[in-house]
Amino acid sequence: MGQTLAIALTKGRILKDTLPLLAAVGIVPVEDAETTRKLRVDTNQAGTQLLLVRASDVPAYVEYGGADIGVTGKDVLLEHSGRGIYEPLDLGIGKCQLVLAGKRGVNVDKPGLLRVATKYPEVTRKYFDQRGQQVEIIKLYGSMELAPLVGMADLIVDIMETGATLLANDLEVIEPICDISSRLIVNKASMKMKHEKIHKLINGMTRAVT
Ligand code: PRP
């Protein structure tokens with residue numbers, strides 16, 4: 001048997017959009033990865049497996065070598081140190097924006113400490129550091145849009161895709177922070193040890209996305 005390869009993915013959009021790219025390099029799961037309760041799924045290629053993990057855990061799986069390769073959003077990667085991983089390819093999928101948002105007419109420059117609710121404390125801290133503004137960051141794990149509505153935060157930093165969630169909650173974009181898309185990440189040691197296999201995969205996927 002050749003070298004093994006473990007690829008960390010997340011159920012949902014990332015899995016759906018990544019499967020055709022993997023198929024383009026000849027990797028096809030042997031069962032429906034979306035519906036299975038298994039966390040490790042074999043593929044048609046002996047030794048190549050998909051690992052199904054939470055999006056925010058993909059960088060850790062790749063950093064610590066649980067997976068050789070992973071696919072996750074740039075939003076998740078911006079919260080990670082980047083230690084132990086390469087980010088060789090923008091897959092051009094899962095496109096959205098990271099934005100600063102708040103209630104219509106909110107005063108971002110009001111005196112006193114603004115409170116910002118977010119799943120992305122690192123990005124938020126850097127963003128406000130660049131503005132030279134001190135803020136209090138409230139770390140949440142989802143549904144950030146609620147925080148300004150209940151008066152818990154002045155602002156949120158969150159991803160926006162269609163804008164429907166902001167609109168439905170009477171919030172508006174105050175400033176876009178950066179564009180987001182899903183990236184292929186690779187464990188640095190795997191890149192050395194499994195160079196040929198991983199390069200073949202990166203080259204094949206690069207062709208499939210361009
Ligand atoms: C994300 C994000 C927004 C929403 C944006 O939430 O946090 O709430 O999608 O999409 P839209 O602009 O198309 O409305 P997700 O559904 O991933 O759940 P979460 O709140 O648990 O992060």
Side-chain angles (χ1 to χ4, degrees), residues 1-34 36 38-98 119-123 125-126 141 159 161 177-210:
M1 196 171 89
Q3 281 169 332
T4 59
L5 196 69
I7 306 170
L9 298 172
T10 305
K11 283 187 180 185
R13 270 272 306 265
I14 287 193
L15 181 65
K16 187 172 155 283
D17 292 347
T18 305
L19 286 180
L21 301 176
L22 289 175
V25 295
I27 299 171
V28 180
V30 295
E31 62 183 302
D32 186 341
E34 191 59 55
T36 184
K38 279 189 196 163
L39 300 174
R40 197 159 59 165
V41 175
D42 287 329
T43 70
N44 61 328
Q45 294 199 8
T48 298
Q49 293 181 317
L50 306 186
L51 309 182
L52 300 169
V53 306
R54 286 185 67 143
S56 51
D57 289 338
V58 169
Y61 272 88
V62 175
E63 176 184 352
Y64 292 103
D68 301 292
I69 283 176
V71 174
T72 194
K74 184 67 182 173
D75 54 324
V76 171
L77 293 170
L78 287 170
E79 291 297 303
H80 186 263
S81 67
R83 225 185 1 247
I85 62 179
Y86 292 120
E87 188 192 312
L89 182 59
D90 183 345
L91 296 172
I93 57 176
K95 285 186 176 176
C96 54
Q97 270 191 318
L98 198 63
K119 194 154 78 172
Y120 307 102
E122 286 298 320
V123 180
R125 174 88 53 217
K126 282 187 193 133
Y141 292 86
I159 51 172
E161 191 187 345
I177 297 178
C178 63
D179 290 334
I180 299 294
S181 55
S182 297
R183 310 297 166 100
L184 188 76
I185 58 172
V186 181
N187 173 277
K188 283 189 176 172
S190 300
M191 190 74 117
K192 281 205 195 88
M193 309 292 290
K194 304 180 181 181
H195 189 263
E196 203 183 318
K197 198 164 190 163
I198 290 178
H199 264 260
K200 219 170 119 193
L201 184 141
I202 293 172
N203 291 339
M205 285 180 94
T206 304
R207 278 194 296 277
V209 298
T210 47

(request) Just do the side chain to side chain contact (heavy atoms under 4.5 Å, CB included) check on V123 and E79 with the steps written out, would you? (result) CA-CA 7 Å; V123 180; E79 291 297 303; 3.1 Å; yes

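Considering CD of E63 and CZ of R83, their distance stands at 5.0 Å, rounded to 0.5 Å. To the nearest 0.5 Å, atom NZ of residue K16 and atom CG of residue L9 are 14.0 Å apart. The distance from the CD1 atom of I180 to the CG atom of L78 is 5.5 Å, given to the nearest 0.5 Å. Considering CG of L98 and CD1 of I177, their distance stands at 5.0 Å, rounded to 0.5 Å. Atom CD1 of residue I27 and atom CG of residue N44 lie 7.5 Å apart, to the nearest 0.5 angstrom.
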Which pairs would a plain distance check flag for residues 196-205, meaning a side-chain donor or acceptor within less than 3.5 Å of a matching protein atom at least two apart in sequence or in another chain?
unit_1, atom_1, unit_2, atom_2, d
K197, NZ, Q3, O, 2.5
H199, NE2, H195, NE2, 3.2
N203, ND2, H199, O, 3.3

Using atom types as modelled, flag every donor-acceptor pair under 3.5 Å from a side chain in residues 67-77 to any protein atom, sequence neighbours excluded.
unit_1, atom_1, unit_2, atom_2, d
D68, OD1, S190, OG, 2.7
D68, OD1, K194, NZ, 3.1
D68, OD2, A6, N, 2.8
D68, OD2, K194, NZ, 3.2
T72, OG1, A55, O, 3.2
K74, NZ, E87, OE1, 3.1
K74, NZ, E87, OE2, 3.4
D75, OD2, Y120, OH, 2.7

Listing, residues 45-53 side-chain donor-acceptor contacts under 3.5 Å, not counting sequence neighbours, or none:
unit_1, atom_1, unit_2, atom_2, d
Q45, NE2, G26, O, 3.0
Q49, NE2, D42, OD1, 2.8

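Taking the side chain as every heavy atom from C-beta outward, P29 and T36 never approach each other to under 4.5 Å. Residues T43 and V41 form no side-chain contact, since every pair of their non-hydrogen atoms from C-beta on lies 4.5 Å or further apart.
The nearest pair of heavy atoms linking P59 to I85 is O-CG2, 4.4 Å. Closest non-hydrogen pair, S181 versus D90, comes out as OG-OD1, 2.8 Å.
Not counting sequence neighbours, the partners of D179 by the side chain to side chain contact (heavy atoms under 4.5 Å, CB included) test are Q97.
Sorted by first and then second residue, the salt bridge (Lys or Arg N to Asp or Glu O under 4.0 Å) pairs involving residues 2-15 (not counting sequence neighbours) are R13-D17, R13-E161. The side chain to side chain donor-acceptor pair (under 3.5 Å) analysis of residues 18-27, with sequence neighbours excluded, yields no pairs.
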